[in-house]
Structure formats: C-alpha cells, structure tokens
Amino acid sequence: MEKIQVKLKNRQSAVIVGECLNNLDKYLNGRKNFIITDKNVNEIYGERFPDSPVYIVEPGEKSKDLGVVADICRWLLDLGADRHAFITGIGGGVVCDLTGFVAAVYLRGVNFGFVATSLLAQVDAAIGGKNGVNLDGYKNIIGTFTQPEFVICDVDMLISLPEKEYVNGMAEVIKHALINDYGQFAHLEEFSIPILAKERNEMEFIVGHSARIKAGIVGNDELEQGERRKLNLGHTWGHAVEKVTSLPHGESVSLGLAFSARLSVKKGILKEEEKERILKLLADFDLPVINEADPSTVFDALVKDKKREGGSIHFVLMNGIGNVVIEPIDIEELKNFALNGN
Ligand code: ADP
Ligand code: ZN
C-alpha cells in the first residue's frame, strides 16, 4: 500500500493506492456518510459498501448532468444531510466528477472522498480536485476546483473492469510516463493489457507510479496556471477527435498523443525512432494511432474549441520521451500539418 500526499495550499488530500474498499469506514471517522455510485459498480460491490444511504446513478457520461446534480441534492436534503455530512463517490471518472461537484456546491461545500474503481479514475480523474458536469453537449463546462479528502485506489476492483475500460485508462498511464517518467515508459514496454490485468502487484505498481506523477504536477499548480497544463498532452487534438467521432476518451487521447509525437518530430525535438516507440507502445495496448477521422473536420473542431492566443494554439510537445514543453503553434502551420503532414 502506498500513500501519496497531494500538497495543496488550503488542505490535505491523500491518494492511497492498494487500499481496500472494505476499509473505507476507517476514513470516515464516524461522520454521517452518503454514498454516490453507479449501477454497475453497485451491482458488483454494493454489498461491501459501509452502512450509509446510497444514491445510484445510471452508468455513463449522461449522468454528468445538472438535473442529476439537483436530484442528488434533493435526496441529501430529504435525508437531512447538513454541513457536517460527508459524501463518498464510489466509481469511475463519471461518479467522481459528479460527486466532487455535488460536494462542492451542496450547502456551499461539504467534505468528500472517493473510492476510484476504474483505471482512468485511479490514475487521473479522481486526482487533482477538478470536477464538473456537462451542458448542451459541452463537456465539463460547469465545475469547480475542490479537493477530495482522500482517494482510495483499490486495484483489486480493477479485476471486474471491462477490457475496453482498461484500454481507456492506459492512455492516461502512457501520457503520464511521456510527461515525466522515461523509466515508467520503458517499463510499460514490457507489458500488454491481458498480462497486466492478471498481475495485481504489477497493477499496483503502475497505478501508484502514475498517480504519483499526476499528484506531483497538481501539487505544483493546483489551479492550472502553469505546469498543470502539461497534463493536456494529447488532449488538445484528442478532445477535438472525441468531439467529432464517437471514439471513447482514451482512444481519442491516444490519437492526440500520436499527433503530438509526429508534430514533435517535425519540430525537431523528438527523434523518429522515439516516435516509433511511442506509437508501438500505444498500439501494444490496443490504442489507435492512425486517425480515421477527417483531419479537416477535427482541425475545425479544435480551432472552435480553443481560445486563440494571437493566431496560435498552445500545444504540449514531446522533448524526447519523458519530457514535455508547451509551445504556441501558429494556426496556419497547425492546419498545414494536420491536413498534409500528419
Ligand atoms: P471513466 O472511469 O472511464 O471516466 P466511467 O465512470 O463511466 O468512466 O466508468 C466506465 C465504465 O466502467 C462505467 O460503465 C462504469 O460503471 C464501469 N466501472 C467502473 N468501475 C468498475 C469496476 N471496478 N468494475 C466494473 N465496471 C466498472
Ligand atoms: Zn484524459
């Protein structure tokens, strides 16, 4: 078990990798607790939840909705939850985003924690204090920065995760290695999804490593004014892909990572053979590296989505493997590259 402290200005937040759902009670310290989860997670693990009222949402992105937020707040009110109530989200990224937002706004904020149950939530979504819901098809448009008291990453719960969700989470694991951990990248080159899923200790090691990278970056820049923007690696192009296709987040990010690697080669800061290693690792984990979507449609979505900063877009590029730089890329140059060079 590994306890990672996220160093924040106003409060303590800890990510505990390898802790077990059964020990959640220990972290509640006798407070009146309310659980938010989704149907799938409740079906498999509900019996092991501590004795608390449980609100069950539909699985999937559609639950990140203001109507659902209102329903949960009504439920909390009906049950008499006051300012001293505690809320625990048990689930993947959707449940964590929703729980964090409800806890941030209910009675102007109550304390909360997570049991992150998907790989994506354990290494990414549950860490860092960003939460939010969607509006009119725009993702995470309404949300806050509010830190959970704890994030329990029970790696044994990953055993029931559908393989496509593993793949999704792996895109963020690879992203973290590319941002600042060559050693982890080289380590991952020795594995693939089916092997990982069966090796619990390996999973704990990889989740711990990845969570530590994210926690470290968040601790340096909680409100995303500088270094935290490195975490957008693969997401500038990736979000645009996600918007115009029906690809899942992880696959879209994989295409974004491949795009960034190719652009980095063009900029002369990544070697051709390094790019090939990156594409191979993504492909080994069943992640796509060749863009099936029409690049001009993706490019249009990207420009529409991004605030222009004097005719350029800030892009996270790879300065070798395990190191990134943020550079403004001229819009025309980007368009040219997206349409012809990618
Ligand atoms: P993500 O974690 O990828 O952001 P979700 O919260 O939607 O997205 O989780 C992905 C899917 O995996 C959902 O259908 C969710 O119910 C399911 N899920 C999450 N954790 C587990 C688990 N430990 N076992 C089985 N299914 C899970
Ligand atoms: Zn992501």
Side-chain angles (χ1 to χ4, degrees), residues 19-22 24 35-49 54 56-65 68 89-101 114-128 130-134 139-140 143 151-179 197 200 203 207 210-211 213-214 217-218 224 228-243 247-257 259-260 282 287 316:
E19 179 57 288
C20 176
L21 168 64
N22 294 5
L24 170 58
I35 291 173
I36 301 173
T37 189
D38 80 15
K39 232 183 204 162
N40 295 336
V41 176
N42 185 62
E43 228 155 71
I44 309 172
Y45 298 104
E47 279 181 4
R48 289 169 49 195
F49 291 177
V54 181
I56 303 165
V57 300
E58 287 297 319
E61 198 67 24
K62 60 182 177 299
S63 284
K64 286 175 56 170
D65 175 83
V68 177
I90 307 181
V94 166
V95 164
C96 293
D97 274 4
L98 183 62
T99 301
F101 184 68
F114 298 138
V115 178
T117 65
S118 71
L119 180 57
L120 189 127
Q122 294 189 355
V123 301
D124 188 15
I127 305 170
K130 273 196 195 178
N131 57 52
V133 295
N134 308 329
K139 285 185 81 174
N140 301 324
V151 180
I152 291 174
C153 300
D154 181 343
V155 292
D156 290 320
M157 294 174 86
L158 299 177
I159 285 158
S160 54
L161 197 64
E163 183 159 329
K164 70 176 178 26
E165 299 301 340
Y166 256 110
V167 172
N168 241 328
M170 221 50 216
E172 308 288 354
V173 170
I174 294 172
K175 179 192 83 173
H176 288 160
L178 287 169
I179 291 173
R200 190 227 176 256
M203 221 47 230
V207 169
S210 211
I213 293 172
K214 171 128 191 203
I217 293 175
V218 168
E224 197 165 324
R228 190 164 178 169
R229 283 158 47 198
K230 287 180 178 175
L231 293 168
N232 287 335
L233 177 65
H235 281 63
T236 309
W237 184 257
H239 274 149
V241 170
E242 197 172 351
K243 198 167 259 179
L247 286 178
H249 183 69
E251 293 187 22
S252 306
V253 167
S254 178
L255 289 170
L257 293 173
F259 183 90
S260 174
L282 291 166
L287 286 159
V316 191

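Numbering of ligands and ligand atoms starts at 1, following listing order.
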For [atom], grab the closest protein heavy atom and report residue, atom and distance to one decimal in Å.
atom: atom 7 (O) of ligand 1; value: Val94 CG2, 3.4 Å
atom: atom 26 (N) of ligand 1; value: Pro162 CD, 3.8 Å
atom: atom 23 (N) of ligand 1; value: Met157 O, 2.8 Å
atom: atom 12 (O) of ligand 1; value: Glu165 CG, 3.8 Å

Backbone N/O of [Y] and side chain of [X]: donor-acceptor pair under 3.5 Å:
X: Lys64; Y: Asn134; value: no
X: Ser63; Y: Glu58; value: yes
X: Ser260; Y: Val316; value: yes
X: His176; Y: Ile174; value: no
X: Asp38; Y: Pro59; value: no
X: Gln122; Y: Ala116; value: yes

Minimum distance, heavy atoms only, to [atom]: which one of [options] is it?
atom: atom 2 (O) of ligand 1; options: Ser63, Pro248, Ser118; result: Ser118
atom: atom 13 (C) of ligand 1; options: Asp38, Val115, Thr37; result: Asp38
atom: atom 20 (N) of ligand 1; options: Asp154, Thr117, Leu98, Asp156; result: Thr117
atom: atom 8 (O) of ligand 1; options: Ala125, Ser160, Gly93, Gly60; result: Gly93

The test is salt bridge (Lys or Arg N to Asp or Glu O under 4.0 Å); show your working for Glu224 and Arg229 and say whether it passes. CA-CA 6 Å; Glu224 197 165 324; Arg229 283 158 47 198; over 6 Å; no
At a 4.0 Å threshold, what atoms of ligand 1 neighbour a non-hydrogen atom of Gly92?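 Ligand 1 atoms under the 4.0 Å threshold to Gly92: 2 (O), 6 (O).
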Need the ligand 1 atom indices (1-based, order shown) with element for anything under 4.0 Å from a heavy-atom of Asn40.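 Result: 14 (O), 15 (C), 16 (O).
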Just distances here: any N/O of Ala121 and N/O of ligand 1 closer than 3.5 Å?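 No; the residue has no nitrogen or oxygen that sits under 3.5 Å from a nitrogen or oxygen of the ligand.
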Can you spot which of Val54, Val115, Thr99, Asn42 makes a side-chain contact (heavy atoms from CB on, under 4.5 Å) with Ile35?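 Result for side-chain contact (heavy atoms from CB on, under 4.5 Å) with Ile35: Val54.
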Indicate, as side chain, backbone, both or neither, the part of Leu161 found under 4.0 angstrom from ligand 1 when only non-hydrogen atoms are considered.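 Under 4.0 Å from ligand 1, Leu161 contributes backbone and side-chain atoms.
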Checking contacts here: is it the side chain or the backbone of Asn168 that comes within 4.0 Å of ligand 1, counting heavy atoms only? Could be both or neither.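 No part of Asn168 comes within reach of ligand 1.
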Hey, what's the angle at the Zn ion (ligand 2) spanning OE2 (Glu172) and NE2 (His249), nearest 10 degrees?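 Value returned, to the nearest 10°, is 90°.
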Of the backbone and side-chain N, O or S atoms of Asp124, does one lie nearer to the Zn ion (ligand 2) than 2.8 Å?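 Here the distance criterion (N, O or S atom, under 2.8 Å) is not met by Asp124, so no.
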I would like to know whether Glu61 and His249 meet side-chain contact (heavy atoms from CB on, under 4.5 Å); could you show each step before the answer? CA-CA 11 Å; Glu61 198 67 24; His249 183 69; over 6 Å; no
Decide whether Tyr45 and Thr37 meet the rule of one side-chain donor and one side-chain acceptor closer than 3.5 Å.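 Side chains of Tyr45 and Thr37: no pair found under 3.5 Å.
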